[in-house]
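This report concerns only the one structure given below.
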Amino acid sequence: MDMANYLMLIYRDEAAAESMTGEEVSAPYREFMERRGDHLRGGAALEPAGTATSVRKREGGDYAVTDGVFVESKEALGGYYVVEAEDLDEALEIAKDIPAPFGGVEVRPIRVLSR
Amino acid sequence: MTRAAGTSVPSAVADAHRREWAFVLAATVAVAGDLGSAEEAAQEAFESALGAWAVSGVPRNPGAWLTTVARRKALDRLRHAAVEQRALPKLLPEAEPEAGDDDAAAFPDERLRLIFTCCHPALSEEARIALTLRLVCGLQTGEVARGFLVSESTMAARITRAKQKVARARIPYRVPSDEELPERLDAVLDVVHLIYTAGHTAPAGSSLTRPDLADRALELAGLLRDLMPGNPDVAGLLALLVLTEARAAAREDADGRLVLLEDQDRTTWDRAAIAGGVRLLEEALRGRGRPGRFTILAAIAAVHDQSADWAGTDWAQIVGLYDALLDLWPSPVVRLNRAIAVGFAEGPAEGLRDLDRLASDPLLVRYPYLAAARADFLRRLGRREDAALAYQEALVFAGNDVERRFLGDRLAAL
């Protein structure tokens, strides 16, 4: 069967996450990537939401550049993976395996442009 | 081919639609590749039956005829799409079923796959209910919309979104593994129970019940029972629906007034249904593991069904069953029902005490049955003014006209 790709967006409460050291956070992720390496097609951890800059095109054609994330929320996007899976059930099983200790994971199918 | 005497073709097609829709659709999904095109192909098959059966008679096995035609139509669509794309070779070999062929090889029964796909936990509860009624029960979108008091366009959009999610997120078309089964089956049973609940007492409108929805829920529970005969939780759900439905005729008097369990004429209860429901319950209780939510609810229904009269109801046993249910399902509505049982087991003051503890629960703030239960215990305690306030509160939130009339009558009689 052909495979599908899913973007897994990892959200976290940044204030809570600060209570852990870098190593405490990253060790479980390394273990996850070893377990699920076959399915991972990409991914990264992001700098905190406070470093974000949003760019939006204005009606006149110029740009509004603002400090901060596009959509404010209690839990901010902290990282992502691109995962290859057979179907949503397999994708969800992998999503449950992502450590994400201060939040959770949103699973979004990556659109297939022409089938 | 047999030409059934006295049966018109449209009614034969309607009958086949009611009995065979889910089978035909489920067997077509595997060929079509997605729910949407399978649904269109199945619909076309039923449409062509109207013409074909008028000419050649109603086939001996309408389900096999319809499945053959629906699968062929799905193949035609795929071929058509492949020709348009040119790059793709023919996906499947040419199938040549005669349009009148009712001697088709037995198709595998794929209805469980269809049910588990429609009730996948990645879909919202609303979407699961809508998809199940539309795709498993074959209801028209307008019928589903009326059952849940939304406009037809809202329901159409809800069903379309749900089908798109199934296709685009790749919700798989399969029966879950043994490991996943308990959790996934629970979602299915919930959908059937919610459909029954909406049919048993319509959330709003002029009639107490929606028999169409209650019947569909009973059929769904019966279908699950046929497809998963050894499963105790399925037996428990079917037992619950059968044991509850056995009392349906006694719930309204000749003038369409609501009759509470306390005042029902128990001679009108369906004794054969009760006996059947109790057998199912006993089977569910013999199953491995602890009894599921619906099995416990069925046991409560059976206590009522088997009591000779209201005074003889074993309320202590019912309270105990609600305690067991709360362990599995700590929901405010279960607590409410337990409090009501306490009121009949120990007395209205004790029932009221437990109900008042629930008053601040945000999920019950607009729930008419909390105010109605308080009103009833206050009435029994002779606290007329407090009871009147509680009946008025219940009337604010109750949407069903038959229940509203009942509450109004009780208020007037204080």
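In what follows, every chain begins at residue 1, and chains take the letters A, B, ... in the order their sequences are listed.
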Legend entry - Atom group of A/R108 that falls short of 4.5 Å from chain B, counting heavy atoms: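 Neither; nothing under 4.5 Å.
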Legend entry - Proximal component of A/I110, with respect to chain B [non-hydrogen, under 4.5 Å]: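 No part of it gets close to chain B.
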Inset, instruction - Identify, with sequence neighbours excluded, every residue that meets side-chain contact (heavy atoms from CB on, under 4.5 Å) alongside B/T154. - result: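 Residues passing side-chain contact (heavy atoms from CB on, under 4.5 Å) with B/T154: B/V150, B/S151, B/R158.
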Legend entry - Nearest-0.5 Å distance, NE2 of residue B/H120 to CG of residue A/D89: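 Between atom NE2 of B/H120 and atom CG of A/D89 there are 3.5 Å.
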Legend entry - Gap separating the OG1 atom of B/T117 from the CG atom of A/L88, nearest 0.5 angstrom: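 Atom-to-atom, B/T117:OG1 and A/L88:CG are 11.0 Å apart.
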Inset, instruction - For the pair B/R170 (side chain) and A/M3 (backbone), establish whether a donor and an acceptor sit closer than 3.5 Å, ignoring hydrogens and angles. - result: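 A pair under 3.5 Å: yes.
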Inset, instruction - Measure across A/P109 and B/A169 and return the closest heavy-atom pair with its distance rounded to 0.1 Å. - result: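 The answer is CG-CA, 3.5 Å.
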Legend entry - Flag if over 12 foreign heavy atoms under 6.0 Å of CD, B/E180: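 Yes, because the 6.0 Å sphere around CD of B/E180 holds more than 12 heavy atoms from other groups.
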Legend entry - Qualifying ring-ring contact (aromatic ring centres under 6.0 Å, His included) pairs with a residue from residues 17-60 of chain A, counting only residues at least two apart or across chains: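 Residue pairs with at least one partner in residues 17-60 of chain A: A/F32-A/Y81.
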